[in-house]
Amino acid sequence: MNLYKYVSEKLNEKLGFDAKLETPRNREFGDFSTNAAMVMAKNAGKNPRELANEILPKIAELDFVESASVAGPGFINLKIKDDFLWHAVQSAATITQTTNPMVIDMDYGAYNVAKSLHIGHLRTSIVGDTFNRIARSVGHKTFSWNHIGDWGKPMGLVIAWIERLHPELPYFRDDFNPNTLVDYEIDADELNTYYPAASALAKQDPEFQLHAQEIKAKFQSGHPGYFALYEKFLAISLRTMNNTVQRLNILPFDYDLGERNAAKYLDPVEKILREKNMIYKNDGAEIINVKRKDDNKPMPPYMWRDSRGADTYDSTDLAAVYCRKQTDNPDRIIYITDLRQSLHFEQLFRVADMSGIYPYDRFEHIGYGTINGDDGKPFKTRDGNAAGLDDILDAANDAVTARIASTDKKLDADTIQMIALAAVKFNDLLHDVRADYIFDPKQITSFEGRTGPYVLYTAVRLNSVLRRAGEFEQSANAVEMNADERNLIIELLDFDRTVQSAFESRATDLVANYAYDLCQLINTFYHNCPILRDDVPADTRAMRLDLVQIAANVLTRTVDLMGLKIPKEM
RNA sequence: GCGCCCGUAGCACAAUGGAUAAUGCAACAGAUUUCUAAUCUGUGGAUUGCAGGUUCGAGUCCUGCCGGGCGUGCCA
């Protein structure tokens, strides 16, 4: 139930005017207000307050309006009838389904083979997952694509590194037989050290660098030994990625297909580009000019092949678009990546459009800001290294464990993990996606106030009341409601609208902020309005239990959109 | 140089062009005969970077400046 939309439509219908409904910051002004009179006054050449007073009787005719009054420069403030609110709030947890369902491809995650996840993967995973859940909840069909880095230069480096460690392995022989069983196992943690080590060496040692490039070229053109080795560590990486997905409690990706898969589509894409004469040679590279006459910004060419003749990030991304068009035929393709890739995506969208592969206006890039340390620079661990995703989750886990140790609570490991994860994810979702934010481990681990644990705690309290109440009858009518109950009901009725806005404006932070606002009202209600106590009249108890149930339903849905799990106790 | 993003209290962060700029942390003062005190209530703390403009109304839109971040052909 989207109360805002309902009131807005009824009001506009009644006035025959497309007025904008507002929710006053100060609840004392009313439940809603409209600036209709102020807007109309201009055309009518009348005083806004005068006009407002003329409209007032019409508004009072609406059956859900308790009272309406004129205030300030000409606002019309409305108060909704309690009966109506009570009726409406029964379906507060229902999300209105879109009348125009789309197929949406979402590209987020972008994990890498043989390279552990770092803090940079946090936002794409968390925001991407929540946005995916939001899109699905309003009725769209989505496909999530984890566009894995599993094909390019890093693969050459990793293979070269393994050759350096174990030159005796048969994979490196040109006559390697793919049916050979090789007794070689790689430890997942150790594998994650190979790429950084190889990359560092390549920078110092041109010979190693060259060798890795040769390996990459042979690998991509089908060297059986390299490929067999690749499949070995690919499997390990995929397992590691899967562990991360589970640890983060994000939905499984519909496709774990990245650059290697996209590379299969390079030929048909190149054919299209050549037919349209889009590819030019320049400085040894093959490029596509995407500059427009009216561009007033830098617009470098799209790099189809680099000067060594190798495929690039640019070419596989375009091929991936082609692939998605073939497989899902999506109405929209939405990328959720670091903001710094904006130019790349602008170029990609232009090339896709120019080549007729996919239209420009159906692409979207949601760019998120950087996670910074308290010095305002990209977050690093204390030893100066880029923080690993697991380091962050471990730190949160430790903090929760320490917090519990200081109380007489006893919580199991699963519960601790749920709380720690909520702390990290909620903090990430709380911030405007497009802005940088400061990641403060101290703040993350304080668990007071506007935090994930606060939200979980609120849900746990509600569930606890319901559990203790046992079976109860639904109250038929609302008894008179007090301010705490009424405020909570109004907020509950804002759930549907919040989810709709979050989807429409691609703003996952709206959901997180809503969750917090809702929890504040729930806790105030919980504190001021006893439910199961002996001195509470039966009809009041029934009504409050209903309210608790509805609040629990709405909060559970909200928490679910953020991919958090509610523990039994905490 | 050019382009994009950002500037709100000591810190962090919010505000569909609307009314007294919301909230958290930190500080101080309170609340538990109660369903979980990871809670609740209150106090102090803001010339919304600066200067103009548009508007009945600007933190929000426009212009200029100051400050910061990022991007700007072979890294992804």
Side-chain angles (χ1 to χ4, degrees), chain A residues 4 20-26 28-29 33 35 38-39 41-42 47-48 71-75 77 110 112 149 152-154 259 282-287 295-308 310 312-314 316-317 337-344 346-347 367 369-370 372 374 376-378 400 403-404 407 409 419 430-432 434-438 440 442-443 446-451 453-454 456-458 460-462 464-469 497 501 505 509-510 513 516-517 519-520 523-524 526-536 544-545 548 569-570:
Chain A
Y4 174 90
K20 184 151 175 248
L21 193 67
E22 287 168 11
T23 50
R25 263 186 222 153
N26 189 338
E28 282 170 25
F29 288 121
S33 73
N35 61 358
M38 289 187 284
V39 179
K42 200 168 184 188
N47 176 301
F75 290 104
N77 293 325
N112 295 308
K153 189 178 90 183
E259 293 167 350
N282 197 295
D283 288 341
E286 292 187 326
I287 59 167
D295 274 333
N296 60 350
K297 54 186 165 190
M299 189 54 65
Y302 203 62
M303 192 61 52
W304 177 252
R305 284 219 176 79
D306 68 19
S307 48
R308 290 194 306 271
T312 64
Y313 178 52
D314 286 354
T316 49
D317 259 14
T337 80
D338 195 303
L339 197 60
R340 286 174 287 194
Q341 296 190 37
S342 300
L343 180 56
H344 165 71
E346 173 66 21
Q347 293 178 298
T370 314
N372 290 330
D374 54 13
K377 302 244 166 71
V400 175
R403 168 70 193 247
I404 290 159
T407 67
K409 294 182 183 192
I419 297 169
L430 192 61
H431 297 85
D432 182 340
R434 294 152 187 88
D436 296 349
Y437 77 86
I438 292 179
D440 179 359
K442 256 186 285 172
Q443 193 249 319
S446 74
F447 311 131
E448 317 273 312
R450 200 172 42 187
T451 63
Y454 175 87
L456 293 190
Y457 182 73
T458 310
V460 167
R461 282 178 135 186
L462 292 179
S464 172
V465 171
L466 292 171
R467 200 165 47 240
R468 281 166 185 273
R497 177 168 78 115
S501 315
S505 52
D509 57 300
L510 290 179
N513 278 299
Y516 177 69
D517 291 343
C519 286
Q520 276 198 313
N523 279 316
T524 301
Y526 181 93
H527 189 264
N528 293 341
C529 305
I531 301 159
L532 300 176
R533 226 163 57 184
D534 289 344
D535 57 342
V536 179
R544 286 180 181 167
L545 272 175
V548 167
E569 56 171 352
M570 68 180 277

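Among the heavy atoms of the strands lying under 4.0 Å from A:T23 is at least one base atom, whether or not backbone atoms are also near. Within the 4.0 angstrom heavy-atom criterion, no nucleotide atom of any strand lies near A:D317. Using a 4.0 Å heavy-atom criterion, one finds that A:N282 contacts the bases of the nucleic acid, with or without backbone contacts as well. Note on A:P48: nothing from the nucleic acid sits closer than 4.0 angstrom, heavy atoms only. Counting any heavy atom pair closer than 4.0 Å across all strands shown, A:N26 reaches a base atom.
If you measure from atom CE of A:M303 to atom P of B:G73, you get 9 Å, rounded to the nearest angstrom. Atom-to-atom, NZ of A:K442 to C1' of B:A12 comes out at 12 Å; the value is rounded to the nearest Å. In this entry the distance linking CG of A:L456 with P of B:A38 reads 14 Å, nearest Å. Protein atom CD1 of A:I438 is 10 Å distant from nucleotide atom C1' of B:C13, rounded to whole Å. Rounded to a whole Å, the CD atom of A:Q347 is 14 Å from the P atom of B:A76. With rounding to whole Å, A:D283 atom CG is found 9 Å from B:C74 atom C1'. Across the protein-nucleic acid pair, A:N296 atom CG and B:U72 atom C1' stand 13 Å apart, rounded to whole Å. Note: CD (A:E346) to P (B:C5) measures 12 Å, nearest angstrom.
Spacing of C1' atoms, B:G67 relative to B:U8, comes out at 15 Å, to the nearest Å. The P atoms of B:C28 and B:G64 are separated by 48 Å, rounded to the nearest whole Å. Between B:U32 and B:A37, the two C1' atoms lie 8 Å apart (nearest whole Å). Annotation: B:G17 and B:C6 have their P atoms spaced 14 Å apart (nearest Å). Atom P of B:G53 sits at a distance of 12 Å from the matching atom of B:A58, rounded to the whole Å. Taking the C1' atom of each, B:A46 and B:U54 are spaced 26 Å apart, rounded to whole Å. Taking atom C1' in both B:G24 and B:C62, one finds a spacing of 34 Å when rounded to whole Å. B:A9 and B:U43: their C1' atoms are spaced 15 Å apart (whole Å).
Residues A:H344 and A:D317 approach most closely at NE2-OD2, 2.8 Å, considering heavy atoms. Contact record, A:R434 with A:L339: O-CD2, 3.7 Å, taken as the closest heavy-atom pair. Of all the heavy atoms in A:D314 and A:M303, the pair that sits closest is OD2-N, 2.9 Å. A:A41 and A:N47 get closest at one heavy-atom pair: CB-C, 4.3 Å.
The side chain of A:S307 has B:C74 as its nearest neighbour among B:C74, B:C2, B:G17. Comparing B:C13, B:C74, B:A19 by their nearest atom to the side chain of A:D306 picks out B:C74. Distance from the side chain of A:I404 is smallest to B:A38 among B:A38, B:C13, B:A76. Closest to the side chain of A:P300, out of B:C74, B:U72, B:U16, is B:U72.
For A:D283, the salt bridge (charged side-chain N to carboxylate O under 4.0 Å, His left out) test picks out no residue, with sequence neighbours left out. Scanning for side chain to side chain donor-acceptor pair (under 3.5 Å) contacts around A:N528 gives A:D484, with sequence neighbours left out. For A:R403, the salt bridge (charged side-chain N to carboxylate O under 4.0 Å, His left out) partners two or more places apart in sequence, or in a different chain, are A:E448. Remark: A:E22 engages no residue in a side chain to side chain donor-acceptor pair (under 3.5 Å) (not counting sequence neighbours). Partners of A:N523 under the side chain to side chain donor-acceptor pair (under 3.5 Å) rule, at least two apart in sequence or in another chain, are A:Y454, A:T458, A:R461. Looking at residues two or more places apart in sequence or on another chain, you find a salt bridge (charged side-chain N to carboxylate O under 4.0 Å, His left out) between A:D535 and A:R533. When the salt bridge (charged side-chain N to carboxylate O under 4.0 Å, His left out) test is applied to A:E346, the partners found at least two apart in sequence or on another chain are A:R350. Residues that satisfy the side chain to side chain donor-acceptor pair (under 3.5 Å) test with A:S33, not counting sequence neighbours, are absent from this structure.
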**Request:** Report, as a single string ordered 5' to 3', how protein heavy atoms within less than 4.0 Å touch nucleotides 54-70 of chain B: B base, S sugar-phosphate only, - not at all.
**Result:** -SS--B---------SS
**Complete:** B/S/- along nucleotides 28-37 of chain B (protein heavy atoms under 4.0 Å) is ------SBBS
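At a cut-off of 3.5 Å, with distance as the only test, no side-chain donor of A:D436 or A:H431 sits close to an acceptor on the other residue.
Interatomic distance, OH of A:Y457 versus CE of A:M570, reported as 8.0 Å (0.5 Å rounding).
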Between N or O atoms, less than 3.5 Å apart, protein on one side and nucleotides 44-48 of chain B on the other: list the pairs.
none

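Residue-nucleotide stacking is not present for A:Y454 and B:A38, judged by a side-chain ring centre under 5.5 Å from the six-membered base ring centre and planes under 30° apart. Stacking between A:F75 and B:G18 is absent: the aromatic ring centre is not both under 5.5 angstrom from the base six-membered ring centre and within 30 degrees in plane angle.
Using a 4.0 Å cut-off, no side-chain N or O of A:Q443 falls inside it from OP1 or OP2 of B:A26. Applying the 4.0 Å criterion to OP1 and OP2 of B:U41, one finds that A:T524 has a side-chain N or O inside that range.
Residue-to-nucleotide proximity on RNA chain B shows that, of A:N35 and A:E259, the 5′-proximal contact is made by A:N35. Mapping A:T407 and A:Y516 onto RNA chain B via the closest heavy atom, the residue that lands nearer the 5' end is A:Y516.
Comment: A:R340 engages A:D338 in a salt bridge, judged by a side-chain N to carboxylate O separation of less than 4.0 angstrom.
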**Request:** Whenever both distances are under 3.5 Å in a Watson-Crick or G-U wobble pair, mark it; put RNA chain B into dot-bracket that way, with [ ] for crossing pairs and | when the partner is on another strand.
**Result:** (((((((..(((.....[....))).(((((.......))))).....(((((..]....))))))))))))....
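Side-chain atoms of A:S33 come within donor-acceptor range of the base of B:A19, with a qualifying N/O pair under 3.5 Å.
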